[in-house]
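Reviewing the structure listed below.
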Amino acid sequence: MVTVLERRQTDQLTPQQIDRWLQAGRSVGRLLDISQAGLCLLLDREIAKDTEVLLRISNQQLNRHIDCTATVVHSHLTGQGRFSIHCRVLNEFTLSDLQDLGRPLAVGHVLA
C-alpha cells in the first residue's frame, strides 16, 4: 500500500499535519515495483509529470513503512482505468529499506 500526497498540497502544512495526512491514507495506491532509485505504483487518478510527491510505502504484514519524496517521471492509463505512476525518489532506498518493504533482493543488487 502506498499513500500519496502531492507536494503542492503541503505548502501550508506542518510536518505533524503531513504525518497525520499520510496516516489517514486519503489517496492510496498499490506498489507495483520498486528499486533503489524509483518505484511504480497503481493509482485511481493521474499525477502530472514533474510533480513532487510525498509517499508512505507500507508493508502491513511486517507492520513497517517508509516515507520518501519522489518526482513523477511519467504516468499512463492502464487497461483497468487506473494509472501507472512511475517515480524517481529523491534519496535512493537502501537495501535495508527494500527488505523492510518485503521486496526480495536480486543477486545483482547484493553483489553490486
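- Qualifying salt bridge (Lys or Arg N to Asp or Glu O under 4.0 Å) partners for Arg88, counting only residues two or more places apart in sequence or in other chains: none.
- Rounding to the nearest 0.5 Å gives a distance of 12.5 Å between CZ of Arg64 and OG of Ser58.
- Note on Leu90: it does not cluster hydrophobically with Val72, by side-chain heavy-atom contacts below 4.5 Å among ILVMFWY residues.
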(message) Before you tell me yes or no, could you show the steps for Glu52 and Thr69 under side chain to side chain contact (heavy atoms under 4.5 Å, CB included), namely the whole-Å CA-CA distance, both residues' side-chain angles and the distance that decides it to 0.1 Å?
(response) CA-CA 7 Å; Glu52 191 171 288; Thr69 302; 3.6 Å; yes

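- One finds the CD atom of Glu92 at 6.0 Å from the CD atom of Gln36 (value rounded to the nearest 0.5 Å).
- Residues Leu41 and Leu32 fail the side-chain proximity criterion, which asks for heavy atoms closer than 4.5 Å.
- Here the side chain of Ser84 pairs no donor or acceptor atom with the backbone of Thr78 at under 3.5 angstrom.
- Smallest separation of non-hydrogen atoms from Arg30 and Val2: C-CG2, 4.5 Å.
- Contact check for Gln99 versus Thr94: no side-chain heavy atoms found under the 4.5 Å cut-off.
- From Leu43, atom CG reaches atom OG of Ser75 across 9.5 Å, with rounding to the nearest 0.5 Å.
- Between Arg45 and Ile85, the closest heavy-atom pair is O-CD1, 3.9 Å.
- For Phe93, the side chain to side chain contact (heavy atoms under 4.5 Å, CB included) criterion is met by Ile34, Leu39, Ile57, Ile66, Cys68, Val89, Asp97, Leu98, not counting sequence neighbours.
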